[in-house]
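Read through the structure below, which is laid out as structure tokens, and then see the notes.
Predicted model, so just to flag it, every value in this text is computed and none were measured.
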Amino acid sequence: MRINLVWKEYDVLVVGSGGAGSNAAETASDMGASVLLVTKDPLSASDTKISEGIATVRGSGSEDDSENALSENLQLAGGDLPDINITSAFAKDSQKAYDKVRANGLRPKISAITNNPDPLPLPMGGHTKRRSIGHKNSGVAFGHANWNSIVKDTKIDYKEDCWLIDVITETNKDDTKSVVGALIYDAQCGEILAVVCASVVVASGGLSTIYFPKTDTMRGNTGDSYAIAARAGAELVDMEQIQFLPFCLTSPPAFEGLLGGEPVTASYLGVLRDKNKKVILDGVYLRTRAECSAAIMKAVEDGRGTKNGGAYLDMTANKRAPKSGVYFMNFLKGSLPSAYNNVRQAMSKSESQCDDLWEVRPSAHYMMGGIRVDENCRSIGGSNGLRNRGISGLFAAGQAMGGLFGANRLGSTSLTEGAVFGQRAGKSAALHAQKSVINLLNKKLFIEKAKRVHSLIGQKGHLHASKIKLTVQKKCWENLGPIRDKRRLTNTKLFIRKTKKQLKNINISNRTKWNQALIEYLELENMLDTAELMAIAALERDGSLGGHVRSDCPNISLFSKPYSTVARFFGNDAHVTRLQRKQTDFKKLIKFKFEEQKKFLGAKFLRLMPMRLKDNILEKRYKKIMNIQKSSITVQPGSVEAAIGDQKIL
Amino acid sequence: MTIKNVRDRQYLNVTIITHLDGKDIPVKFKYKKRHDREKPMALDILLQAQETSLPDLAFRYGCRARNCGVCTIDINGLPRIACRSVVRENDNLKAMSTLPVITDLVVKRDQISRQLRGKIYRNSGGNDLNVDASEDYHELTSCIECYACLHNCPMHEKNNVELNESRERYKYGNPFSLLKLQAIVLDPVSSNQQKDDAVTQAVKLGLDTCLNCPGCKCGIGIDLKGKVVDPLVNASKKIEE
């Protein structure tokens with residue numbers, strides 16, 4: 001059935017209204033570009049809004065926090081996969097970008113001593129400096145600032161309930177590709193928007209929904225960013241690298257997948273146990289999220305998993321200590337209040353009081369790979385990362401982009417990522433539009449693509465996209481989840497191929513306005529394209545590294561030559577290659593490894609000490625943390641205490 | 001215990017009011033509990049309905065943890081955040097009554113934000129950003145924009161939502177738009193001119209309606225009357241003087 005095609009002309013189209021999208025739209029508009037922002041969910045209802053609300057701002061904790069220091073932290077954590085130009089850009093812009101969010105109404109607590117926003121008392125895991133700033137009402141405060149930046153003046157046009165179908169490109173004489181616009185399904189009006197524009201900023205978030213309900217993120221994360229870009233011909237890096245949070249809830253259903261705790265909240269004596277109560281990982285508080293997730297999933301692999309396919313997080317030793325136990329409970333509640341709030345509601349009293357073990361399981365949280373871009377968020381490609389090998393006019397920011405985090409993301413970095421690269425993408429997009437002229441004869445390209453949508457509306461079939469989605473989610477969790485091997489990954493590839501063939505049998509009503517089946521179809525298609533690229537990238541990386549755990553291969557050593565995977569579509573076929581990355585200086589690597597091992601040994605030694613001895617040591621340590629905390633933040637971001645509105649009904 | 005009782009414990013009967021082309025169509029749904037003691041949330045019901053008998057059921061949701069403000073629906077005629085609202089036998093699940101329904105439980109939300117387009121002046125303008133905001137300011141930024149506050153709001157009712165469906169933006173305000181304006185008044189970075197402008201905007205949106213109103217109700221418990229409406233009314237009186 002035909003659906004109305006409505007033509008629009010803009011300089012810049014921004015897809016997504018979270019941290020990255022709102023910053024991109026505001027910056028592009030400030031530079032004089034005409035901007036249309038489209039979002040499928042309500043304005044600023046994004047992962048940014050539901051985050052813990054802690055942002056990395058270089059130099060906020062100490063003056064000697066150099067750009068180099070921050071950039072190096074990201075490099076080392078990311079297993080040398082991050083692009084050094086991108087990590088440097090992050091380090092360079094973090095203060096400036098953060099201040100721009102503040103200009104839109106984000107108000108952190110200001111220290112009376114430094115007259116600047118005060119970071120959390122301790123460096124977050126992997127950061128060598130204190131530089132993570134917390135906020136009252138956590139991500140919701142960012143949500144308001146982002147909302148303000150879009151709505152505040154009439155310069156940015158925006159539309160909610162809009163699903164991007166495809167970016168339209170033309171092939172130039174020299175065989176390069178340029179963006180000429182995009183097709184969008186406007187579900188609210190029941191129309192297809194044909195937006196003619198020279199620049200498209202992809203800022204439509206991640207892909208965790210392919211593991212639903214084993215995720216703690218927004219429903220909208222159906223891999224739209226990656227699928228849109230890949231179908232336009234763009235390259236994607238590190239698509240096997242997805243961050244799982246290890247300690248998420250397994251039941252009841254309404255809480256399944258939501259965050260329970262982080263490695264650090266397991267505190268000094270927390271350990272992971274299998275179903276037979278045997279220790280499978282100690283020194284939990286020093287481990288990365290990936291290490292904890294891998295330990296849990298390996299136990300599940302060996303048939304030692306708990307009832308719901310997870311492991312037990314045992315923090316009872318912390319609690320039992322006669323003197324330090326009290327401090328531990330305060331630490332647990334204070335350091336990650338919104339997660340603890342989930343635990344309190346979902347678990348029994350003895351569990352939430354840590355007198356009993358927590359059943360935990362990893363959940364998909366953040367996609368570290370993504371669209372291959374340079375430090376100015378422009379799509380690039382080829383072995384040298386050239387712009388003319390990317391898609392001219394295509395930009396990516398936030399979770400959609402790759403190259404910043406590589407194999408592991410440090411805490412508190414993603415909100416800053418959204419601001420820094422949202423602003424950079426907005427600037428690049430505006431500049432690109434200024435010097436581009438679009439040949440309107442290309443309308444044919446739009447009309448050609450729209451034909452596919454016409455044929456989808458009213459498609460007859462016996463299948464339902466919403467139900468296939470569930471099967472895909474289950475398969476992705478089992479075969480493309482926190483533990484992988486060659487057999488399962490090959491299986492995934494075949495499964496996706498097969499499922500793609502079934503798309504033509506999906507029943508879609510002939511409504512034009514809010515056609516839920518069409519929406520489900522478009523999202524399913526994006527999930528499949530994204531999962532296929534992930535599967536081939538995961539097959540290519542034949543070893544465990546960071547967020548990618550292969551049970552059939554050894555770990556990839558920090559000292560081996562680092563490479564990123566680069567995945568893309570050629571026509572309907574997915575291809576993958578390797579891209580050599582620059583290795584950190586050996587001396588630094590050795591120091592990094594040595595420090596790490598030293599810490600693990602220390603943790604083990606402490607755990608095995610007699611109770612009376614370690615209780616005294618721990619009491620001192622807790623006192624030290626709590627004392628520092630007293631002088632900085634009394635109400636923690638994301639807490640029930642922070643959401644003062646909540647208290648009356650809870 | 002009889003067999004019937006056991007079976008009853010496994011199911012929960014609800015009515016989902018679907019909506020198509022301007023018409024409400026009630027559909028009975030039997031929710032199958034995943035264990036005996038499960039107390040499902042409204043969102044669990046909708047997800048299972050979509051998984052089983054209503055594959056194309058349209059509804060909004062986001063974070064499942066009461067943070068994103070997207071999944072608000074009416075349960076037995078009262079606005080509730082679906083992901084954290086326990087459903088009981090014979091409950092009615094329906095789209096919010098305060099906004100125009102598009103399909104099933106999906107309402108058109110964006111005219112609310114459009115109402116403030118160009119009116120929430122935010123610019124540091126070189127102002128010092130390093131000033132602490134008051135507790136009241138932070139209370140307002142805890143709003144998750146669930147729009148539960150539109151319920152029974154006489155100011156919003158003046159818009160006559162159904163009739164104005166095609167309009168670009170609503171003429172009359174609501175507790176949420178007043179909250180956004182009051183946030184400007186409370187923001188330590190705002191200039192006096194910006195604060196006065198915000199109050200004037202509130203008056204233009206129909207603040208006088210609030211004078212005869214006992215007060216509004218927030219979905220997550222913000223004190224809307226005490227922290228938003230009363231201060232705006234007082235400020236508007238001062239400006240008049």
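Counting heavy-atom neighbours within 6.0 Å of K467(A) NZ, excluding the residue itself, gives a total above 12.
Within the 4.5 Å cutoff, the side chain of V106(B) has no heavy atoms near those of the D161(A) side chain. When side chains are defined from C-beta on, Q115(B) does not count as touching V151(A), because their heavy atoms never get closer than 4.5 Å. In this structure, Q516(A) and L57(B) have side chains that are not in contact, with every pair of non-hydrogen atoms separated by 4.5 Å or more. Between T103(B) and R511(A) there is a side-chain heavy-atom pair separated by less than 4.5 Å.
Taking each heavy atom of R107(A) and H138(B) in turn, the nearest pair found is O-CE1, 3.1 Å. A pairwise comparison of heavy atoms in C63(B) and L258(A) identifies O-CD2, 3.9 Å as the closest pair. The heavy-atom pair separating H144(A) from C143(B) by the smallest distance is NE2-O, 2.8 Å. A pairwise comparison of heavy atoms in L470(A) and E51(B) identifies CD1-CG, 3.0 Å as the closest pair. For Q188(A) against D110(B), the heavy-atom pair with the smallest separation is NE2-OD1, 3.3 Å. Residues S113(B) and E160(A) share a closest heavy-atom pair of OG-OE2, 4.4 Å.
Every salt bridge (Lys or Arg N to Asp or Glu O under 4.0 Å) that E26(A) has, sequence neighbours left out, goes to K152(A). Under the rule for a ring pair (Phe, Tyr, Trp, His ring centres under 6.0 Å), the partners of F59(B) that lie at least two apart in sequence or sit in another chain are Y61(B).
The contact between L47(B) and chain A is made entirely by side chain atoms (from C-beta outward), counting heavy-atom distances below 4.5 Å. Heavy-atom distances place both the backbone and the side chain of D132(B) under 4.5 Å from chain A. Both the backbone and the side chain of D21(B) come within contact range of chain A, judged by heavy atoms closer than 4.5 Å. With a 4.5 angstrom heavy-atom cutoff, E38(B) touches chain A only via side-chain atoms. Neither the backbone nor the side chain of R37(B) comes within less than 4.5 Å of any heavy atom of chain A. Neither the backbone nor the side chain of Y521(A) comes within less than 4.5 Å of any heavy atom in chain B. Contacts between L43(B) and chain A at a heavy-atom distance below 4.5 Å are absent for every atom of the residue. Using a 4.5 Å cut-off between heavy atoms, T217(A) touches chain B through its backbone atoms (N, CA, C, O) alone.
Among the candidates K119(B), R60(B), M41(B), the residue making the largest number of heavy-atom pairs closer than 4.5 Å to chain A is R60(B). Taking chain B as the reference chain and counting heavy-atom pairs below 4.5 Å, the highest number among N221(A), I150(A), D153(A) is found for D153(A). Looking only at heavy-atom pairs under 4.5 Å with chain B, the residue among A145(A), A465(A), P253(A), S149(A) that has the most is P253(A). Comparing E520(A), K159(A), M218(A) by how many heavy-atom pairs each has under 4.5 Å with chain B, the most go to M218(A). Comparing P213(A), P108(A), C189(A), G143(A) by heavy-atom pairs within less than 4.5 Å of chain B, the highest count is held by P213(A). Between chain B and the residues A45(A), A141(A), P42(A), the largest count of heavy-atom pairs under 4.5 Å involves P42(A).
Using a cut-off of 4.0 Å between Lys/Arg side-chain N and Asp/Glu carboxylate O, R109(B) and D41(A) are scored as not salt-bridged.
Checking side-chain atoms of H35(B) against main-chain N and O of P252(A) turns up no donor-acceptor pair under 3.5 Å. Although no hydrogens or angles enter the test, the distance criterion places no donor-acceptor pair under 3.5 Å between the side chain of K155(A) and the main chain of G118(B). The closest donor-acceptor contact from the side chain of K136(A) to the backbone of E135(B) lies at 3.5 Å or more, if one exists at all. A donor-acceptor pair under 3.5 Å is absent between the side-chain atoms of S142(B) and the main chain of N137(A), judged by distance alone. Remark: the backbone N or O of L129(B) is paired with a side-chain donor or acceptor of R102(A) at under 3.5 angstrom. Counting only distance, with no hydrogens or angles, the side chain of N67(B) and the backbone of K49(A) share no donor-acceptor pair below 3.5 Å.
Here N104(A) contributes atom CG and D187(B) contributes atom CG; the two are 10.5 Å apart, rounded to the nearest 0.5 Å. Distance CG/N130(B) to CG/N115(A): 5.0 Å, rounded to 0.5 Å.
For the pair R64(B) and F255(A), the cation-pi test (distance below 6.0 Å, angle within 45°) is failed.
There is no side-chain donor-acceptor pair under 3.5 Å between R34(B) and S251(A).
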